[in-house]
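The sequence lines fix the lettering, A, B, ..., with proteins before strands; numbering per chain opens at 1. Computed from a prediction, not measured in an experiment: that's the story for all the values here.
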There are 2 protein chains.
Amino acid sequence: MNHFDYIDQQILLQIREDARKPFSQIAEDLKISNSLVHQRIKKLKKKGVIDNAEFVVNERKIGYRTKSYVGIRLREARYAEEVVEGLKKIPEILECNYVSGNYALFILIFAVDNHHLREILYEQVHRIDGVAGTDSFICFDTNFRRPVALDSLAKQDFYE
Amino acid sequence: MNHFDYIDQQILLQIREDARKPFSQIAEDLKISNSLVHQRIKKLKKKGVIDNAEFVVNERKIGYRTKSYVGIRLREARYAEEVVEGLKKIPEILECNYVSGNYALFILIFAVDNHHLREILYEQVHRIDGVAGTDSFICFDTNFRRPVALDSLAKQDFYE
DNA sequence: GCTGAAACAAGTAGTGT
DNA sequence: ACACTACTTGTTTCAGC
């Protein structure tokens with residue numbers, strides 16, 4: 001079985017929204033045996049399509065109220081790796097990407113409040129050697145957030 | 001029990017990385033009964049600290065190779081809501097935020113490739129009434145990605 | 001490639017301290 | 001607030017089609 005079929009797609013649709021949904025119930029929904037569900041999920045894991053299951057934590061509820069994307073400009077492009085190492089040490093930075101465009105790096109920060117965000121940027125990020133400056137895009141609100149579409153995937157081969 | 005204690009913290013640390021970890025094993029690790037694990041997780045859900053469990057899907061493996069953050073400028077600020085509605089209809093847009101700074105909206109796109117990204121922006125986003133322009137920050141690579149820190153949370157009250 | 005039954009493991013609820 | 005027990009449910013494996 002080396003292609004991604006309807007059953008894989010349906011299982012994926014269900015477990016990515018509820019990773020604790022009983023396999024037996026998925027089986028019932030799809031009218032297949034629960035051992036097949038088990039086999040398919042095993043295959044999806046082996047192929048790297050799915051990794052682990054994670055509980056979604058509401059950051060606000062544990063005290064992080066300020067979400068912000070931040071673009072980082074470097075003094076010189078070759079500082080990139082060192083700067084990434086420096087950023088990694090700041091726990092409030094949850095994501096870090098190399099990007100095209102006006103910035104060399106693009107990060108996601110969750111801070112307690114705006115004051116805390118300012119402190120992280122001015123006292124920590126700006127002091128990393130190689131950082132020329134930052135631009136913050138503070139998120140006032142998240143309008144929506146959703147997983148990738150899976151239509152048009154059935155009957156395809158696995159990628160990569 | 002109206003505060004967030006050491007047990008809550010430890011449970012949270014474990015399940016957010018592995019939502020399918022057996023409660024009985026968590027109980028064993030923390031040397032508590034598994035019914036307590038059950039009670040605490042129930043409480044964390046009720047308080048809204050955790051929501052559902054999700055399987056992490058590797059977007060690349062299902063054919064989405066281009067990840068990009070995109071800042072959107074509006075012709076006039078009052079178009080914001082309409083534009084959000086328009087963006088919602090484009091399935092490749094996985095996240096949409098109201099932000100401070102140079103852009104009104106900030107979105108996350110997963111496209112098949114750069115060509116597909118261009119098409120989404122030029123044929124779809126730019127045609128939404130109210131959109132003045134966009135700036136793309138294509139992610140060449142994600143250096144790291146991690147959940148929020150939980151230190152300093154134990155013995156705190158729940159937020160909100 | 002898939003099913004079904006059997007063995008095993010985990011989730012849940014109630015009761016008592 | 002917690003643990004223990006009994007009960008229900010889900011997971012996993014494997015022989016057989």
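- Rounded to an integer number of Å, the gap from CD1 of B:Ile26 to P of C:dA10 is 11 Å.
- Taking the six-membered ring where tryptophan is involved, the planes of B:Tyr103 and B:Phe137 are perpendicular, since the angle between them exceeds 60° and thus also 30°.
- In this structure, A:Ser35 and B:Arg20 both approach DNA chain C, and ranking their closest nucleotides by distance from the 5' end singles out A:Ser35.
- The residue among B:Ile7 and A:Asn34 whose nearest nucleotide of DNA chain D is located toward the 5' end is B:Ile7.
- Atom-to-atom, CZ of A:Arg40 to P of D:dT12 comes out at 17 Å; the value is rounded to the nearest Å.
- Rounded to an integer number of Å, the gap from CZ of A:Phe23 to P of C:dA9 is 17 Å.
- Protein atom CG of A:Leu36 is 14 Å distant from nucleotide atom P of D:dT12, rounded to whole Å.
- Between B:Phe23 and B:Gln14, every side-chain heavy-atom pair lies at or beyond the 4.5 Å cut-off.
- When rounded to the nearest whole Å, the span between NZ of A:Lys31 and P of C:dC2 equals 17 Å.
- Atom C1' of nucleotide D:dT12 and atom CD of A:Gln39 are separated by 11 Å, given to the nearest angstrom.
- Distance NZ (B:Lys21) to P (D:dT11): 18 Å, rounded to an integer number of Å.
- B:Asn58 contributes a side-chain N or O that, together with a main-chain N or O of B:Arg60, makes up a donor-acceptor pair within less than 3.5 Å.
- Between the CD atom of B:Gln25 and the P atom of C:dA9 there is a distance of 12 Å, rounded to whole Å.
- A distance-only check finds no donor-acceptor pair linking the side chain of A:Arg20 to the backbone of A:Phe55 [under 3.5 Å].
- Neither OP1 nor OP2 of D:dT11 sits under 4.0 Å from any side-chain N or O of A:His38.
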